[in-house]
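Everything below concerns the one structure shown next.
Worth knowing before you read on, the calculation uses all heavy atoms, side chains too, and leaves out hydrogens, waters and symmetry mates. Only a predicted model underlies this, so the values are computations on that prediction, with no experimental measurement involved. All ligand and atom numbering here is 1-based and tracks the order in the structure.
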Amino acid sequence: MKYEIPVTKTSESRLPEVDFNDIPFGRVFSDHMFICDYRDGRWQEPRIVPFGPFMIHPAAMGLHYGQSIFEGMKASKSHDGRPLLFRPDMHAKRINASAERMCMPAFPEELFLAALKKLVGLDAAWIPPQAGSALYIRPLMFASDEFIGVKPSLNYRFIIFTGPVGPYYPKPVSLLAEQKYVRAVEGGTGEAKAAGNYGGALLPAKLAQEKGFDQVMWLDAHEFKNVQEVGTMNIFFVIDGTVVTPPTGGTILKGITRDSIITILKDKGFDIDIRPVTVDELIEAHRGGKLEEAFGSGTAAVVAHVSKIGIGDEVLDLPPVEERRIGELAKKTINDLRAGLIPDPYGWIVEVPVSEAAEV
Ligand code: COI
């Protein structure tokens, strides 16, 4: 199906105000945004309009009961200036998996992809060319019914907006294994990219920061033993030469960067074990000098090296970043794919045709 997405262009671009060499993450927004509303049982009036605030009813259900889900994606520019999207089909599928869990309507994948291409094509000049920078893309769906009462909303708004970003974590992160609060339990919403999952993590993250750590490392809710994920990322360890990451199993976000790293490293001949990892194993590996690397993965972070992990009274200091062979390789491969510097054997890179930009 071909979707018509009418465009109302901004009268004056804000781009000249932006310095791509100094972009605070998440604070700068491009000129346009996509909007589509769900009413009378179907998605209606897809459109691209100048970026800016919109009215929201005080009783909008998404504000009260948490029917709010989102995605995080990136567009980059190839070395010869073509706008590229990274695995947009996976994001289209994942937002619908989140929608299903949160009892929200699916958003048509084809429309998602068409909207992305048109929006990124239109604001292609906002993609920073600097290595490690990108155009961050935020699709968001929330319940917009004006109603007091807990039930699935009948109306929803779906938007996509973008903004140029530099690295999310400019330096390695320190993690504290969380031994009181939990992020997710089997049967819960941990696998969905639901707004509430992030809200619930704020207090433990703040407490970890007060103890001198950057982020929380989540453990299972039963025994506080198995590692789940960290802050805003999935987690990988390199133990005695083997790359290990926990299985998602309903409590861990199915990271698209995580999946990409598993595929890339397998292809490069590394042993990857997708299996539960316990904090005791990490302590033991560290004592034996076998905890060689730890890194988080996510759209925003790409690959963020872990400098140290606090577990109870122990602090596991990890080797210097210069020795992180595998994490660096994963990061470089993803960044090179995104910059079109190496061939893409996976079909992950989707070019935004120049005509998309020209047609509007
Ligand atoms: C991402 O990695 O894109 C995320 O969504 C995590 C965070 C910025 C909320």
Identify, for [atom], the protein heavy atom at the shortest distance, and state residue, atom and that distance.
| atom | result |
| --- | --- |
| atom 2 (O) of ligand 1 | Ala300 N, 2.9 Å |
| atom 1 (C) of ligand 1 | Tyr136 OH, 3.3 Å |
| atom 9 (C) of ligand 1 | Tyr198 CE2, 3.8 Å |

Just distance, no hydrogens or angles: give the donor-acceptor pairs under 3.5 Å from side chains in residues 198-206, sequence neighbours left out.
residue, atom, partner, partner atom, Å
Tyr198, OH, Lys193, NZ, 2.6

If the cut-off is 4.0 Å to any non-hydrogen atom of Phe70, which atoms of ligand 1 fall inside it?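 Reading through ligand 1 atom by atom, the close ones are 5 (O).
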Show the atoms of ligand 1 that are less than 4.0 angstrom away from any heavy atom in Gly72.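 In order of number, 3 (O).
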Give a yes/no verdict on a cation-pi contact between Lys290 and Phe237, requiring under 6.0 Å between NZ or CZ and the six-membered ring centre and an angle within 45° of the axis.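 No; the conditions do not both hold, so Lys290 does not lie above the ring face of Phe237.
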Report the part of Arg138 (side chain from C-beta onward, or backbone N, CA, C, O) that has a heavy atom under 4.0 Å from ligand 1; answer both or neither where that applies.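 The part of Arg138 near ligand 1 is the side chain, not the backbone.
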Between ligand 1 and [X], is the shortest N or O to N or O distance under 3.5 Å?
| X | result |
| --- | --- |
| Met73 | no |
| Lys193 | yes |
| Tyr168 | no |

Knowing that exactly one of Phe70, Tyr38, Phe107, Phe142 qualifies, which makes a ring-ring contact (aromatic ring centres under 6.0 Å, His included) with Phe158?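 So the option named by the test is Phe107.
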Check for me, please, whether Phe25 and Val173 land in the same ILVMFWY cluster - side-chain distances under 4.5 Å, paths through other members count.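 Yes, because Phe25 and Val173 connect within a single hydrophobic cluster, where side-chain heavy atoms sit under 4.5 Å apart.
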Closest candidate by heavy atom, reference atom 6 (C) of ligand 1, pool Thr299, Thr232, Ile137: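 Going through Thr299, Thr232, Ile137 one by one, Thr232 has the nearest heavy atom to atom 6 (C) of ligand 1.
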Sequence neighbours excluded, which residues qualify as salt bridge (charged side-chain N to carboxylate O under 4.0 Å, His left out) partners of Arg101?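 Counting only residues at least two positions away or on another chain, Arg101 forms no salt bridge (charged side-chain N to carboxylate O under 4.0 Å, His left out).
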Does a donor on one side chain sit under 3.5 Å from an acceptor on the other, for Asn155 and Ser153?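 Looking only at side-chain atoms, Ser153 and Asn155 do not form any donor-acceptor pair under 3.5 Å.
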Assess whether a salt bridge exists between Asp80 and Arg82, defined as any Lys/Arg side-chain N lying under 4.0 Å from an Asp/Glu carboxylate O.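 Yes, charged N to carboxylate O under 4.0 Å.
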